[in-house]
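Keep in mind it's a predicted model, so treat the numbers as computed, not measured. Positions are given from 1 along the sequence. Excluded from the calculations below are hydrogen atoms, water molecules and symmetry mates; all remaining heavy atoms, backbone and side chain alike, are included.
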Amino acid sequence: QVQLAESGGGLVQDGGSLRLSCAASERTFSTSGMGWFRQAPGKEREFVAGISRYSGLTNYLDSVKGRFTISRDNAKNTVYLQMDSLTPKDTAVYYCAAGRSPVVPRSLSDFSSWGQGTQVTVSS
């Protein structure tokens, strides 16, 4: 059974930073590309970032490039999303997700499972 547990969300001011963490089951983490997507109130889900299993190749939503950094610690079965220069437009529930394969996820359809989500709120 896939287990993904996000943490690190919260309230931050415009321009601030947060780091999200996601602990995954070893079986899932050892074979999957990982990533994050988000859903803001009243909006569609949106791919945010992905990272491959072996090479660490990454992929980002254009609007977060240069501000967000995805990384993974394979020894801890954990994936991170460092979010800097946050704006109110980044306010959403952020979900950690496991890819269908080891390659870098590039869209929502590349994910096969996800966690419960963590709320990120950026105040102006």
OG1 on Thr78 to CG on Leu20, rounded to 0.5 Å = 12.5 Å
Partner of Met34 under side-chain contact (heavy atoms from CB on, under 4.5 Å), chosen from Tyr80, Phe111, Phe29 | Phe29
Please test Leu61 against Phe68 for side chain to side chain contact (heavy atoms under 4.5 Å, CB included), starting from the C-alpha separation and ending with a verdict.
-> CA-CA 9 Å; Leu61 175 69; Phe68 290 12; over 6 Å; no
With sequence neighbours excluded, give me every side chain to side chain donor-acceptor pair (under 3.5 Å) pair touching residues 7-21.
-> Ser17-Asp84
Given side chains that start at C-beta, do those of Val93 and Thr118 come closer than 4.5 Å, heavy atoms only?
-> no
Value for OG (Ser30) from CZ (Arg53), rounded to nearest 0.5 Å, stands at 6.0 Å
Say you draw a straight line from OG of Ser71 to CD1 of Ile51; how long is it, rounded to the nearest 0.5 Å?
-> 6.0 Å
Any sub-3.5 Å donor-acceptor pair from Ser32's side-chain atoms to Thr28's backbone N or O?
-> yes
Check: Thr58 side chain, Gly50 main-chain N or O, donor-acceptor pair, under 3.5 Å | no
Non-neighbouring partners of Thr31 that pass side chain to side chain contact (heavy atoms under 4.5 Å, CB included), sequence neighbours left out = none
Gap between atom CZ of Arg100 and atom CG of Asp110 - 0.5 Å precision | 7.5 Å
Any donor and acceptor pair, going by atom type alone, linking the side chain of Gln39 with main-chain N or O of Glu46 inside 3.5 Å?
-> no
Minimum heavy-atom distance between Leu18 and Leu86, given as atom pair plus value | N-CD1, 3.9 Å
Is the closest side-chain donor-acceptor distance between Thr121 and Gln119 under 3.5 Å?
-> yes
Report yes if some heavy atom in the side chain of Val48 is under 4.5 Å from a heavy atom in the side chain of Tyr95; otherwise report no.
-> no
Are the side chain of Glu6 and the backbone of Cys96 linked by a donor-acceptor contact shorter than 3.5 Å?
-> yes
Could you check if a side-chain atom of Trp36 sits within less than 4.5 angstrom of a side-chain atom of Val79, using non-hydrogen atoms only?
-> yes
Within 6.0 Å of NZ in Lys76, more than 12 heavy atoms from elsewhere = no
Any idea which heavy atoms bring Ser123 and Leu11 closest together, and the distance?
-> CB-CD1, 4.2 Å
Close side-chain approach of Arg67 to Asp90, heavy-atom, < 4.5 Å | yes
What do you reckon, are the aromatic ring centroids of Phe37 and Trp114 less than 6.0 Å apart?
-> yes
Output all residues satisfying side chain to side chain contact (heavy atoms under 4.5 Å, CB included) with Val103, sequence neighbours left out; order by chain, then residue number.
-> Ser101
Do you know the tightest heavy-atom contact between Leu57 and Arg106?
-> CD2-NH2, 3.9 Å
Does some side-chain heavy atom of Ser25 sit less than 4.5 Å from a side-chain heavy atom of Asn77?
-> no
Heavy-atom pair with the smallest gap, counting every atom of Pro105 and Gly99 = CG-CA, 4.5 Å
Rounded to the nearest 0.5 angstrom, the CD-SG distance for Gln3 and Cys22 is 11.0 Å
What pair of heavy atoms forms the shortest contact from Gly56 to Ser52, and how long is it?
-> N-OG, 3.0 Å
Say whether Val120 and Val64 are linked into one hydrophobic cluster, either directly or through other cluster members, by side-chain heavy-atom distances under 4.5 angstrom.
-> yes
Correct closest heavy-atom pair for Tyr94 and Met83 would be CE2-SD, 3.8 Å
Gap separating the CG atom of Leu81 from the CZ atom of Arg38, nearest 0.5 angstrom = 9.5 Å
